[in-house]
Every structure is written in C-alpha cells, then in structure tokens.
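Below: the structure, in structure tokens.
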Amino acid sequence: MKENGNPYKPEIATVEDTWYETYGERSIKTFKVVLDDEKARENWGHRPGQCAMIGLLGVGESMISISCSPTEGNFLRFSVLRLGKVTGALHELEPGDKMTVRGPYGNSFPVDDWKGKKILTIGGGIGQAPLRPIVEYVRANRDEYEDLTLIYGARTSEDLVFKSEFEALGKQDDINCHLSIDIEEEGWPHYVGFVPSLLMEVNPSPENTIAITCGPPIMIRFVLENLKKLNFADEQIYTTLENRMKCGIGKCGRCNVGGLYVCKDGPVFSYATLKDVPEAFA
Amino acid sequence: MVDLEKLKSIAKETVSRDDVKYLIGWRQGTYGFRVSPHFVEKPEEAEELIFSPLCTNNLASYLVLPEKLPLPRGVEPDSRKVALMVKGCDSRAVVQQIVEQGIKRDEIIVIGCPCEGVIDLEKVEERFPNQLESVTAQWSNGKIIFHLPEGNEEIPKEEVLATKCLTCRYPNPVLSDLMLGDEVETWGDEKYEDVKELEAKDPQERWSFWEEAFSSCVRCYSCRNVCPMCYCEDCILDRLNPTWINRSNNASENTAFHLARAFHLAGRCIECGECERVCPAGIPLTKLNRKLSKVVQENYEYIPGIDPESKPFQSSYRPEDQEDFIL
Amino acid sequence: MNNKPKIGVYVCHCGINIAKTVDVDAVAEFASHLPNVKVSREYSYMCSDPGQLLIKEDIKNEGLNRVVVASCSPRMHELTFRKTLAEAELNPYYLEMANIREQCSWVHEDREKATEKAKKLVAAAVYKARLLEPLQENEVGVEPATLIIGGGIAGIQAALDIANAGFKVYLVEKTPSVGGRMSQLDKTFPTLDCSACILTPKMVDVGSHPNIELLTYSEVEDISGYIGNFDIKVRKKARYVDMDKCTGCGICAEECRLTGRISSEYEVGMGNRAAIYLPFPQAVPAKYTIDPERCLFLTRGKCGKSPKCVDACAPGAIDFEQKDEIVEFKVGAIIVATGFDVFDASRKPEFGYNDYENVITSLELERLVAASGPTEGNIIIGKGRKGEKKKKKDRETFTPKEIAFISCVGSRDETVGNEYCSRVCCMYTAKLAHLLLEKIPDANVRVYYMDVRAFGKGFEEFYDRVRREGVRYIRGNPSEVFKRGDKLVIKAENTLTSTPIEDEVDLVVLAVGLEPRQDAREVIDLLRLSQSGDRFFMEAHPKLAPVDTATDGVFLAGCSQGPKDIPDTVAQAKGAASSALGPLSSGKVMIQAQIAHVDEATCRGCGFCVETCPYTAIELVTVNRVGHMVSVAKVNEALCKGCGACTAACLSGSIQQRSFMDEQILPQIAVLGGM
Amino acid sequence: MDTKKLSKDKLGEFVAVLAKQNKLYIPQKEGENLKFKPLSGDQEELDFPRITTVPPKDVFFPQTETLYRFEQGGTDISFPKEEEEAVVLGIRPCDARAMAIMDSLFSWDIDDPYFLNKREKTTLIGLACLEPGVNCFCTSVGGGPASTEGLDILLTDLGEDYLLQVLTEKGGKIKLSVEELLEEAAEDDLDTAEKLVKEATSKIGRSINTDGIQEKLPELWESPLWKNLSNSCLGCGICTFLCPTCHCFDIQDEMEGLEGRRCRVWDSCMFEEYTLHASGHNPRPSRRERLRNRINHKYSYFVQNFGKIACVGCGRCIDLCPVNIDVLDILSQVVKEAI
Amino acid sequence: MKEQFEPNVVAFLCNWCSYAGADLAGTSRVQYQPNVNIIRVMCSGRVNPLFVINALQQGADGVLISGCHPGDCHYIEGNFYARRRFGLMKELLDYVGVDPRRFNMSWVSASEGNKWKDVVEEVVEKAKEAGPFEQFRRNKINW
Ligand SMILES: Cc1cc2nc3c(=O)[nH]c(=O)nc-3n(C[C@H](O)[C@H](O)[C@H](O)COP(=O)(O)OP(=O)(O)OC[C@H]3O[C@@H](n4cnc5c(N)ncnc54)[C@H](O)[C@@H]3O)c2cc1C
Ligand SMILES: Cc1cc2nc3c(=O)[nH]c(=O)nc-3n(C[C@H](O)[C@H](O)[C@H](O)COP(=O)(O)OP(=O)(O)OC[C@H]3O[C@@H](n4cnc5c(N)ncnc54)[C@H](O)[C@@H]3O)c2cc1C
Ligand code: SF4
Ligand code: SF4
Ligand code: SF4
Ligand code: SF4
Ligand code: SF4
Ligand code: SF4
C-alpha cells in the first residue's frame, strides 16, 4: 500500500517541552511538539480551531485541539486532560519522547471573516485549549481586529490552564482579561462565580462582536442562554464540539450530530448552524 | 393453558397500580412467527399481550438492561416495580438475578406462565418458509397448532420445540407472585446428552468443532446482551484497560472471548438458550455453557436459579469439592 | 500524578550463587534495553550496604522512580529493599523483585538456559514495575480495652490476665453470674480439686478488679469496626433489683411466692429456686435477679396484694420499673469465650433419658455428688417415669447399687451430627465413678465405652486408679436401655469378646458430650465468625493460630473453639489474653498496603467478592451514581488481608488487589508467555 | 451491452479460471455462518444462497483490518501489501448496491485507500435474485432483484444456463479471461431473464414508501416512538454488523509481545461505548437515542449527505434481530406518526 | 536433527506455600528443568481463571497453578475457591479440545521442595508431549 495519501498514516513527532497546567487526578499537561519529517512540518499549516489525532504506537490515538496559533512558530502545542488510556499514557511523555500526529483536521475559526470585529472568548476548564489559538492569532494580527476580550474560569485557581499566560495578558492594555473561579479562595483578586455569570457581569456589547465559547457542556448551555440575553445574534456566536472520534476524517461514524460530522463540518460551528441540529447539545 | 383474557385482565390491573412502572410480556411480531417483547405501560396496551408457544424471548433480560441515565439534581429515580411474565426457564433467570443482587425481590412482580415448550423459530420457518402474514399458535395435547392463513396445522411438539425445551426440567416458574393457569406436568430430564456426545469425541474433533464455531463468530456480542446473567456494569469484553480480549476478529480472540464468557457463566447460566437463539452466526453456544452446567450439577451438585437464598456458585466451596485433578 | 516510569534494574551476583549459572552481565545488558529502564547494573551483593547504597544513589541522581532487583527470593529480601527505597524517599511499593537465585541459578545447571530464564524473569518484573503504584501502609491507634464475651473460666482467666497487665476489660456474661460450667462441677479430674474452691477466688477477683467492668446478665448487641477500634453495644438486661442496694441477703427469695417451684438452671433440674434468685451461693456478683419470665408480678402484673419480695427487702432494692440499659464503649480487641452446651440426651431416645428418672446425665450427677448440691452430696435417685406428675412427697427414691456409665453420648456419633470427640467425658466419667464409689462404697460401677482416651497429664494414672478401685470397663456401645421390672436393662455387645450383653442396673449415667452453644449463631452474626466442621468457632489456623480468628483483633478461648478441659481452657485463655495484649500494649496496628480496592464506577454490587472474602472485609454499601442509589462493594481496609480472592471472584474486574492488579499481572503473563 | 451465456455445466471451469487468475470470493459456510470467503480449493459444491449472513462488505471492509504495523517504542511504521486482483462471485444485487453506497462515504472528501484500493482491484459478479426472501424490500429503496448498480457482471439463472451481462469495463476484462467458456446469448434468453426478474419483483412481499422520510425523521426527534421501539432493543450489534451498508468502525492498537498494529474493527452505533466520551458523558446515553440514530442515519442523514438512502432492502436486520425490531415497521410508524 | 521442543509454562504460585516450596527447592539445590516461569501471587485464590486463557493466548504451552494444601491456606480458604474455579476451567479447556496436559494445578507446601521439583518435571514433561500450543495462540498477526 502506498503511504502517500494514506490519511491514516501518522507523522512521528518529538516532544520538545512539556509542563503541567494543572495537577491532580485529572491533571492537564501541555506538550510542545515538533514533527520529525521536515516536509511534513512545512506542509502542516493548520488554522486556529483545528485539531489533530495524537497518539502512541501500541496505545492508541486521541483527538486533541491544537492549542497554538500557526503564527507562533513551526511547532504544535497540545494541552491534554488526563482521562483514560491514551491521555494517561500521553501524560507520561517527557521531552525527547516520540508521539504520532496526524491532521490537521476539521474546519477552523473563520478568522478572516472576523477581521475588523471585536473578539470575545468565553472559556471554561480545558475548553480554553481550542480558544487559545484565536487569542494568539488575534494578538499576532492585532491591528486587524478590534477589542479582544477574554473570559475564562475554572473550578478553582488550581484548575486554570495557561495561568501565567493569562497573568501576562492581564497586564496588557489592548486586552480585556476576566478570570473567575467557582469557589471562594483566599487571595483571589478576580471574580468568584460561574463563567456564565461573569459574562453577565462583563456585559459585553453585541455590536460588531464575535463570541466564541468552549467548555463543559453545561457551561456552554448557560453561556449561550446569556449571550442571547445580551442580544447576540445566532450568527455572532461560535462554539466547538468535542464528540468521540476515531478516524478524524468522516468515515468512522460516531461523531455525527444530526447529519453533520464534527470532525469534518466542525469542530467549529456557529450557533446559527447548530441550534436546529438535533443532539448538538446532548 | 394460559387464559388470554385472564392474562389481559391481570395485566391491566397490574399496570393500573401506582407502584408499577410497566409490565413486560410478549406480543405478536411484525410478520410470520415472530414475537416481540411488549412493554405495557397503559392498561389498553395489555390487549396486545399473548402467551403462546411462539413466546421464546426470556424477558428477564429486561430487568437488568435499562440504562441508568444521569438524573438531574433533585429528581428522584423511578422506583416503581416492574411486572414481568416468565416461563419456567425465565423464572430461573429471575431467581439467579436475585441471588446475585441484580434485582431485589420487592422491585418486581413476577407473573408465572406455566409453559409447555416454545418453538425453535428456525425449525418452524423451515417448515413454513416465506411466511409473511402473522401466525399465531397454541398448545394442544402434546401438539402445537399453528393458525396459518391457509388453515391450521398441527405438529407434534417434539418436531418444532426448541432444543432446550425437550429436556426442560422446570416448565413451571420456580418463583412467581401469581400464576397464570395451572402448573403443567414436567416432562424433561436433564442428562446433558448433547454434551456427552461431544465429550465422547476425541480432542482433535472437539477442537475442530469449536474452532469452526468460534471462527464464524462476528463478535456482535448479541449473546452477551441478550443473556439475563450478563449485565456487568463494565463488561470485561468492552474493557480497554486492561484489555482482556482484543477487538479484532480472529480465532484467538474469538476463542478467548467464548471461553471467558462461558467461564463467567459457570454456575450462573440458567440454560434459557437465548444466547444461541439470537446468535446470527448460528453458533451452538449452549453446548458450551451446558458443559459447565453439567459439571456444576454433576460434580458440585449445584443448580443455579432455583433457590433465591443460595450462595453464588463461584463464591462458595465445599470442603469435599473434587480435587482429583490436582497434582 | 503519573510520572513516566524510570526503572533501575539491579542484577545481583550473590557472590557466585547466581553468577555461577547465570550470566549476570548479559542479563543486565538485556534489561537495559527494556522499556522505561533508565539504568541497569549488576553487583556482587545487592543486599549489602554498598549494594543498597547503589540503588539509593541512582534514585537520587538518576531520578529513578521504580526499582527492580533481580536477586534472591522476595520472601527473603523484599522488606530489605523496600526499606532501601524508603530511605531514598521513594515509595517502598515501587519495588519489584525477580527471583533469579532460588528459582533459577540454584535449580538449573545449564548456564545458557538459566540466563535466558533470568532475562525473562527480569523482563516480567520490569513490565510489572512500569505499572506499580505507590501504596501507603496505614497505622491505626488501638483503644486500650478489651471486650470478653462469656464469663466462664475461660473468660475469667483472660479478663484477669489482661486486667493485671493494666488494661481495661469489659467482661460480658449472659447469665446473672460469672462462673460458667465449671461452677457446676463438684471436683475436677484428675487431681480432684474442688471446683468451687479453685474457681471462686477467681470469680471474686473478677468482681472486684479495678480494671474489670463486669457486665453480668448482659448481652452484646452490636459490634462494628475493626482491630484497635471496635464499637461495642451491650444490653444490660433489667434485673429488677438495684445492684447498689441489694446486699445479697436472700430474704426476698425465701419470701417469694414461687420459692422452690422453679427449676434451677444451675442445678440442671435437680433442684429448685424462687422467681427472685441467686444462681448459686458463690455467685459473683452476689446480687439477686428477678426471673422476668416467671415472676408473677412481671408476667401478670400482680403478685398477691403486693409482691412479697418488695415487702421483705429491707434496703428496698427491688425495682420493677427497671428497664434494659444499653451501654456503649470502644475496645481494641475482643475475646470470645462463650463456652459450650452439654449434649441434649433426649436426642438419643434409645437410652431412655426421656422416659426414666434413673437415667441421668453426667452434669446432673455432678450436681448430685456435690456437697453443695440439691441433695447435699447424697446420691438420691428417683424411680419413676419422667414426666409423671407426682407430689414431692410421693416421689420414690433410692440409692442405686448397680451403676453404669455410657460414654460418648452425643460424641463421635455421626447419627447426631457430632463426629468429634468431646475430650472430657472419659475423664469426668472416671472422676464421677470414683466419686460414686466414695459415696456408695458397695456400688458396682461399670463403664460402657468405645475407647478410653486418657491423654492428658496424669490422666492415664487416674484411669488406672479408678479401675483399681473396682470400676469395670466394658468395651461396647450400648444399643438400648429399657426397663424390665424394677431394673434398667442395658443392651450391648462386648466388642472385645463379641458377646451380647444384657446388663441389669439401677442407674444409668449418660456421659454427654460437649456441643456448640445453641445460641452460637448470635455471636457468629455479631462477629461474622466462621465455624469449623464441628460447628465450634473456627480458629485462623489449627496449628499456628489456634486462638486467632479470621478477623484481626478477635480471639477465641475455651470451649467455644472446641471441647477441652479446664487446664486447656485456661491455657488457651491465657494465650488469647496475651494475643490481645500485643496490639493493646503497642498501641497501634499496621494496616496492610497491598489490599483490595473497588472501582465504584464499574462495580455491579453482585456481592461475589463479599461472599468470597475469607475475612468478611467487604460489604455492600449504597452510593449515588448519577442520581440512582446503587449498591457497590466497599473494602474495610483494616480487615482486608490482601489475599486477592475477591479480585479473582469479580467478573468485571471491579475489585482489584493493589500490587497484584489484573493490569499488572497481564503484562507479566505476556512476557513470560511470549518472549 | 455485452451479453453472453454460461452453461451451468461449465460453472466449475468458470470458477476454476477465475480462481486461477484472481483471489476469488464466493459464499461459503463457516460453521453455520454464511459469508464470502476466498475459495480455498477444496470447495466441494457451488451453491449460491439467497443471501449470506455476513454481507460481502466484509471483502472490502473486513471486520478487522490492519492499518499499519509497528514495534513498540519504535517509530517505524509499515503498511500492508498492495491489494490483489479479486473477484466476488455470486453477490446479490442488493449487496452490490451497498458497495456503491459505501463508495460515497469512503471517497467523501478524503479517500480511504484501504477500502477503495480493494474496490478498484475487485470485480463484482452478481447473481440476479429470483427467489426473494420474506423480508426483502429492495424495490422500496431504489434497487431491484436485478439491479446492476455496483456490479461489473450480472448473472441471471435461466435454469440450464446463466445469462451473463457485462456491465463495466472491469467486467469486460473478466469476461475476456473466460471467453472460451461462454456462448452467445439468444434474444429470447434476454426475454426469459426479464420475465424471471419481473416475476421475482412481484414476489417481493414487503415495501415502504420512503418519500419524505428524510425530512420527516428529524421532525419526529422527540416522538415517543423511539422510546417504545427501543424498549425491547438489546443494544446488540446484529442489525449493524450484518447490514451491508453499515460502515462504522473503531481503531484499536493491538499488541503481540513487542509487535503491534493499529487496526480498524467494525463498530456499531447500537453499542453504548460507541459515543461514550472519556469523561463519562454520553451524548447518546440510552438505546432510545442509539436506535433513533441508526434509523436517522440510514434514512435521513445519509440522504442529506450523499443523496441516497443507506439501506438496500436486503432484510438482514429484520431477519436477524432477535427481538423483532423491524425497520419496515419502524418506517411505517414514522410515516403514520403525526408531527 | 530436529531441535527438541522446549515448552514454555507459566505458573502462578501462592506466596506462602508453593512459592516458599519452590524457594526451598532452591535452597536445597534440587535441580529441575528451566521451562517453568513463575508469577508470584499472594494466594492461589487470587488467580483469575481468565489468566489461564490469556496465558495460552499469549504464547504459553502450559499453565500451572499451585497453592497450599486444602486446610493450610494462609488466607484460610483461598485455595478452596481456586480449586473450584480451576476444576471448572480444567473441564472447559478439555471440552473444547485443548490438550489436558497443558493445564495443571498442584498443592505444594512450603516444606515440599522435592514435590515442587516433581511437579515441575511432570508439568514440563506433559507440555513437551503436548507440543507447542497453537490452537488459539495470539499469532504474530499476519496482516
Ligand atoms: C475535536 C476535539 C478536540 C479535543 N480537544 C481536546 C484537548 O484539546 N484537550 C483534551 O484534553 N481533550 C480534548 N479532546 C477530548 C479527547 O479526545 C479525549 O479526552 C480523549 O480522546 C480521551 O481518550 P483516552 O484514551 O484517554 O480515554 P479512554 O476513556 O481510555 O478511551 C476512550 C476512547 O474514546 C475516544 N474518546 C473518548 N472521549 C472522547 C472525546 N471526547 N473526543 C474524542 N474521542 C474521545 C478516544 O479515542 C479513546 O479511544 C478533544 C476531542 C475532540 C473531539
Ligand atoms: C459434666 C462435665 C464435667 C466436667 N468435668 C471436668 C473436670 O473434672 N475437669 C476439667 O478440667 N474439665 C471438666 N469439664 C470441662 C469444663 O467444664 C470446661 O472445660 C470448662 O467449663 C470450659 O469453660 P469455658 O469458659 O470455655 O465455658 P463455660 O464454662 O461454658 O463458660 C461460658 C460462659 O459464657 C457465657 N456465655 C455464653 N454465651 C454468651 C453470650 N453470648 N454473651 C455473654 N455470655 C455468654 C455462659 O453463660 C457461661 O457463663 C467438665 C464438663 C462437663 C460437661
Ligand atoms: S451472538 Fe453469535 S456472532 Fe454475536 S458475538 Fe455472540 S457468538 Fe458471536
Ligand atoms: S448463557 Fe445463554 S443460556 Fe445461559 S443464561 Fe445466558 S443467554 Fe441463557
Ligand atoms: S461476559 Fe462476563 S464481564 Fe461480561 S457481562 Fe458477562 S459476566 Fe459480565
Ligand atoms: S484481598 Fe482478600 S482479604 Fe482483602 S478484601 Fe479481597 S478477599 Fe478480602
Ligand atoms: S435492533 Fe435488534 S439487532 Fe439491532 S441492536 Fe437492537 S436488538 Fe440488536
Ligand atoms: S438496514 Fe437492514 S435492510 Fe437495510 S441494508 Fe441494512 S440490513 Fe439490509
């Protein structure tokens, strides 16, 4: 069988750097990864919002959002929440170790269409991973976009990913950064409460704004409700879906919501598309 | 013989109770000799209930099948009872489920149906091929009368009964809250002739027999899903971590799967034959399970699904258990 | 947090013990290529200080987090190397050993094959080591107190030993007095000490010891917890007598309307008592108790105009308002000393015990020969049929001359389900025969026996003495006892001479055996004890742990564990006491680390593990699973001994023994099977 | 169109020639199970069953297929060999249509080489279905007993002979290789065949009008229908594993010692694990949602994406469902159901 | 000359009796064949019967389970469960035509070093006679 054009063929990649974002049973670890094959590296060219199948030979593969923007350099970043077999094994990787990567898969955020608009990201927990590339992309092309507002929360301050990055962003003038945690903590200077309530607190204007949200299903549901309250139109709201997937290329079934395949038609969807699709928010 | 009118009236009465969720019985299927499980929630749905030689399904599986969906905070789980129609063999499944705490006795209402044996669909469909219109059937003096569109056909029971029924020892439910009709006379005697026949062959022949059978398995796991005793929260066949059985379909994995499942059912299988009935590949699964049933019965004097108070077979022992095989 | 396993492999030469047959260098070199192996070394003696230092330094310098030592048997040095790891601040359970000495170099000669095998064993260890988890040995504190259930000689002795060692004892006795069976005996074989004389002082000690809280007329209601931390609930039944006020004078009993009309338990039917009673004169505590089942006031609400006892009791101790009282306390250990029942002779109807007054049991005879007994030591036997209602004065009595003992009644007898020997009957028969001859010197005493078992110290001598005194021993198992005229006829066969016997006698004494107590079930349920084949409580090991039970911290003493005589009872009581003192005095017990744990998310609650666990360490508990109350298994970590039987019993693999989990063993199988 | 005749006497030779030049799949028994398997040589008697239990999709989309192999810890990946030329003989028109349906999916945007290479290298010689089974309803979903979609050659049993119709170039090539065994077909042979097929068509007893079903299904999303239907569903995989058009798969890594492979294995939307997220959340948590998805996928989503129903009316799922869950019954209920 | 078949036997030994017995054989320098590879478990009652199937799948030519004699189990009754489970497993394997010489169980106490040797010799001999296990071995997956 020819390897070329075989969509199941993974690239071998080397972990350059890793660090933990959060600790504990369900820790989140970020991997900075570089494809070994030079050609593959050049041809990679992902767009914000896309994801990749990363895996370990002998263990399996998992679909993970690429959490960096192509503007950051010729490497990939994945932030992985440790849940099961593959993610558990991935967490054991250290710099120098190899993994398999194939992709990039899925559509992406229509960042070009959004030029000249205000960007509002609303994230929860690991859900910030797919949002980060937008933030980075907008920062890299800062003058092409208007306001950049970030709303991000987690259960506790320990569960926030990209914490140090947020700290730095918070100090920047051209970014509005709002953080929250669910439960009161000593010394926490920011908001305490759920992300949807923080959204109401921030009270962004829908005018010329694109709102992108990602997080646990329950959070998304309330964020959507609140965005509607704030008079965001369906077309102004974007979210990403994460259904179980195996092939990543629209063959294996399972990731469909109605007739849409999350791996091909998504993971990025505008609310206008999703709202009438059965089981999109199941 | 079960009086259908009585059945319906009991069913109506039962499902009208506040503390009953539904009644599970049988109804005529969509064509031919098929029968389908019927969930009666409202009294009027009871009209469709039947009990006849066509009612092969062991409904006890449905006691343990429903998924426990996440309940929103504050919502109480539905704790109403489930009423269930059982034949003799099915009742043993219920008993065994009680032994294994899969269900609690007071969560169910068991409607016992003394049974004179149910059909083997394959045998019947072979006799009356391409039967599209629905057919009903009834027992009558050692025969089964099929009401075909072109007239009734009487066939001696032995010719069309499911194999398990030919040697059935428990045609009358061993556990029930109420019985439909009088007990029937027991006719069967379990000598495990089929197992003995295979045992008598030489090992090579036995292996070829099973190798071929196992290789033809498509691993749909229908045999597991239908089995009233296979309802682990997380079946080892589905587990990835650790992986007991690989997903790939080949002689090795298929054999391991079948041996593992057979072993898991040792001392638990109540020989309802459902696994074999549903298997699309026609694998003689009961021949495998029944081997262990035979051993359990003959060497350990244990018969599962008879006594709700009994101890699970593999979690008990007798000091005098056989050990002639031990070095 | 799962770190990437970084394994250090250490292959030991053990001098030449391993190196002679196993190519140690080759094994170490092979191991260095195994997955996750960071360093692989060989060394002459891994267990030596420098060897251990090597490991410790590698842990520090190389960041190792798993260690595989390929050397001798883990039964030899597992603890050594665990300590090594701990000293290097690595969890000691990150150790796996490959036994390449006992099970490789020492048993194989072929160097090549032995080396290959060693490689396999090391590889298996490495594959397992990758999946090891850190474990914690927990320590629990021990409540410095002991519960003793049963106040017979066993309970008394154990209580005194523990109390004397300075620990608190709660002695719970069901009847109103401590003393047990021994208090009913007259003299004791083979030394013929007076039972009361040696027992009473101990009873008194128990009653007055500052460390002993005596709870008589009480029953344990509930026990929960585990070694070191048992929670106990005891019901103190209402005596209807204020213990503080009662002086034990006994006037109440004399006055009671039912005096002499209630059969006395202590006298086993040979004597009577009142509704308010002291079981026997030496009872401890010497306080009276009202029998609630017989007392007229308590059963009918009325006793004459007013209860006579109330009127008679000067200190006003009688209190019909008294209620049962529940006492709760904590203990660290429990000793079960609930004793035995004598075999109920009516279960052998062929011996006529149900029919004739002159067929009696040995225990009844004990009371008759006792000077303190109902007949003041005179052997006065009734002549009539049992069950005949006769006025006391009409009762015909006589002193028997022809007396026969039948031994092994209810022992070594499959027909009544007792295959065991009761161990005391042969000797007490000899004792009683001797005592009878003392009382009735012209009596003809014979003993029908199967075997005479005179195994104890001084027993054979005593048996000889009794025979010399004229007691005849006839080897034969009587088949029947019936009445012919005035006499009882024993039908038997002399198995030595094979001659049939019909023996006419005046009195037949049935040497009844010892049986588990009828109410033993209560104790079994309380403590989840096991029973051995003879239905007595089962010890943890018949040879090596004869006073222990399957449950840590619960010990057995006396006849509750099996028939035995007083010396054995006392010895075992002392054993149980010292076993209990172990944890009490150290103040803490360690809890196993390699124990079972349940994955609640996948457990189905079938209870197979619960049924299987030899230590009843698992119970089913109800948990909330996405809103549904489901039952799942829960391991009591203090009770689990880490056998793993539950793990093999669980069909879905939801309960796993730590360190021996399916997912850790499967790779070992893969390596050993496949490489 | 090239039309020939093959005398049944020559069938043996025909098979022999095909088998010599290609990997030849024909229906065979494995235990009690019927499936298409490569001719192993010792096939005693040729017998074309009405339908195999395991559909011939197995030939192109094997239940277990190695995507690539590797060594643990290594980074070298090796791929399977080139596919061999193959022929499937005796495939029924419904099953052949199913392959055409699968083609759409496996070439959707991204080509799946594993499937498509086999399709490309394989010639399908079909056999018209003159004795339809009780649950056949191919005519309701765009097929028929002699439908040619997906086939390269169609054989029709004329009694003594087979009428052999070459349908594609690939078919033509195969025909060439067996040319000397064939006879010319007469005009009335064609008529006979047509008559037989017509008869067969009329024998099809079950049908459903699928008009509008695609749109109606999503509208019945919340209908109690699904709960009622799924009550008795066992959630086994029979209806999907053995459906000729069902194509879902799982990808698993399997190890043998230190060697391993990444392989794909059939999966089924009727399985609970199919959509289960690692977090424990399941978007299709019960049999109700899963059954609903199966029906929607076949008769609505697939139509939406590819313009065709993903069902060929072979009736397998009806024949084999152990609890008589009957698609035709479901669809007729759907049709009846008021929105 | 054909090379002599060296079978591969996977053995599960309880820590307290059989493993100790095997250790004793070692300390007594009893010599036996190297074909038995031991997995130590705390009790024969721990051995999941499916391990046997798995071992055969993974390439073992024979399997041995060994524990304490009845009544001597360190954990009171673990070996009784094992005996029942493997009594069944033995029958099952035999029934499907797996050579009964491949599956063995033994009682070896801590003092029976010599018995351990005998068991090993017997088990290895039997496995040799039975030949390489191929029936449902997880074959080096050929595509
Ligand atoms: C588009 C997309 C983007 C994602 N981005 C991220 C991310 O940035 N960071 C992150 O931590 N996780 C992300 N996930 C979820 C991640 O794929 C799963 O958590 C992961 O596959 C779990 O695999 P496992 O083997 O550890 O779990 P197991 O429970 O051991 O295995 C479950 C199997 O199901 C599959 N699976 C289970 N849940 C999911 C799921 N939600 N999505 C896809 N496959 C699933 C896996 O392939 C695996 O084979 C994303 C998922 C999708 C679909
Ligand atoms: C006829 C006869 C003659 C004997 N003669 C001799 C002899 O000469 N020499 C000799 O060495 N041995 C003799 N024995 C044996 C001797 O009686 C026993 O060895 C001894 O009594 C055993 O003492 P124990 O404490 O174990 O049991 P017991 O004496 O039975 O004491 C048990 C105590 O526990 C109490 N109890 C039981 N259950 C509970 C409960 N649930 N809660 C609270 N309390 C409870 C009982 O009321 C009792 O007080 C004789 C036995 C018999 C039957
Ligand atoms: S039902 Fe039949 S084909 Fe399906 S998994 Fe069971 S044995 Fe295999
Ligand atoms: S294994 Fe088969 S026969 Fe036994 S209980 Fe399960 S379905 Fe019935
Ligand atoms: S096969 Fe075994 S693990 Fe699976 S459901 Fe049946 S009994 Fe449970
Ligand atoms: S490991 Fe042994 S002691 Fe512990 S819970 Fe399991 S069966 Fe009981
Ligand atoms: S519909 Fe029938 S065949 Fe399909 S999963 Fe349900 S029970 Fe199985
Ligand atoms: S859905 Fe049923 S009838 Fe349709 S193609 Fe599949 S198996 Fe055949």
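By convention in this document, chain letters (A, B, ...) are assigned in the order of the sequence lines, proteins followed by strands, and residues within each chain are numbered from 1. Any value given below was found using the heavy atoms of this structure, including those in side chains, with hydrogens, waters and symmetry copies removed.
With respect to the salt-bridge test (charged N to carboxylate O, under 4.0 angstrom), the residues Glu78(C) and Arg40(E) qualify. A salt bridge between Arg101(C) and Asp23(E) is absent, with no side-chain N of the basic residue lying under 4.0 Å from a carboxylate O of the acidic one.
Scanning all heavy atoms of the two residues, the minimum distance from Tyr615(C) to Tyr75(E) falls at OH-CA, 3.0 Å. Minimum interatomic distance between Ala645(C) and Arg85(E) (heavy atoms only, all atoms of both residues): O-NH2, 3.3 Å. Contact between Leu672(C) and Ile38(E) at its shortest, heavy atoms only, is CD1-O, 3.9 Å. Closest approach of His108(C) and Pro34(E) over heavy atoms only: CE1-CA, 3.3 Å. Minimum interatomic distance between Ala55(E) and Ile669(C) (heavy atoms only, all atoms of both residues): CA-CG2, 3.4 Å. What you find for Cys643(C) and Cys43(E) is that their closest heavy atoms are O-CB, 3.5 Å.
Considering only heavy-atom pairs separated by less than 4.5 Å from chain E, the leading option among Leu121(C), Leu544(C), Asp110(C), Asn99(C) is Asn99(C). Most heavy-atom pairs under 4.5 Å with chain C, from the set Leu24(E), Leu50(E), Thr27(E): that is Thr27(E).
For Ala125(C), no part sits under 4.5 Å from any heavy atom of chain E, backbone or side chain. Contact of Tyr19(E) with chain C is made through backbone and side chain together, with heavy-atom distances under 4.5 Å. For Val30(E), the part sitting under 4.5 Å from any heavy atom of chain C is the backbone (N, CA, C, O) and nothing else. Proximity to chain E (any heavy atom under 4.5 Å) is restricted, for Glu611(C), to the backbone atoms N, CA, C and O. Only the backbone of Gln33(E) has a heavy atom closer than 4.5 Å to any heavy atom of chain C. With a 4.5 Å cut-off on non-hydrogen atoms, Met76(C) does not touch chain E at all. Heavy atoms closer than 4.5 Å to chain C are found in both the backbone and the side chain of Ala20(E). Only the backbone of Ala540(C) comes within contact range of chain E, with heavy atoms under 4.5 Å apart. Of the two parts of Asp662(C), the backbone and the side chain both hold a non-hydrogen atom closer than 4.5 Å to a non-hydrogen atom of chain E. There is no contact between Gln664(C) and chain E, counting heavy-atom distances below 4.5 Å. At a 4.5 Å heavy-atom cutoff, the contact between Trp16(E) and chain C is made by backbone and side-chain atoms alike. Both the backbone and the side chain of Leu666(C) come within contact range of chain E, each with at least one heavy atom under 4.5 Å from a heavy atom of that chain.
How far CZ of Phe51(E) is from CD1 of Ile665(C): 4.0 Å, rounded to the nearest 0.5 Å. Note that the CD1 atom of Ile76(E) and the CE atom of Met538(C) stand 5.5 Å from one another [nearest 0.5 Å].
Atom CD of Glu112(C) is surrounded by 12 or fewer heavy atoms from other residues, nucleotides or ligands within 6.0 Å. Within a 6.0 Å radius of CD in Gln531(C), more than 12 heavy atoms belonging to other residues, nucleotides or ligands are found.
The shortest distance between side-chain heavy atoms of Glu6(E) and Lys113(C) falls below 4.5 Å. Inter-residue side-chain proximity for Thr647(C) and Asn48(E) is flagged as unmet; no heavy-atom pair is nearer than 4.5 Å. Counting only heavy atoms from C-beta outward, the side chains of Arg29(E) and Val107(C) never approach each other to under 4.5 Å. Looking at heavy atoms from C-beta onward, Ser28(E) lies out of side-chain contact with Trp106(C) at the 4.5 angstrom threshold. With a 4.5 Å cut-off on side-chain heavy atoms, Pro614(C) and Glu77(E) count as touching. When side chains are defined from C-beta on, Val36(E) does not count as touching Gln103(C), because their heavy atoms never get closer than 4.5 Å.
With hydrogens and angles ignored, the 3.5 Å screen pairs a side-chain donor or acceptor of Arg46(E) with a backbone N or O of Phe660(C).
With sequence neighbours excluded, the residues satisfying salt bridge (Lys or Arg N to Asp or Glu O under 4.0 Å) with Glu129(E) are Arg101(E).
Lys117(C) and Asn35(E) are not linked by any side-chain donor-acceptor pair at a separation below 3.5 angstrom, with hydrogens and angles left out of the test.
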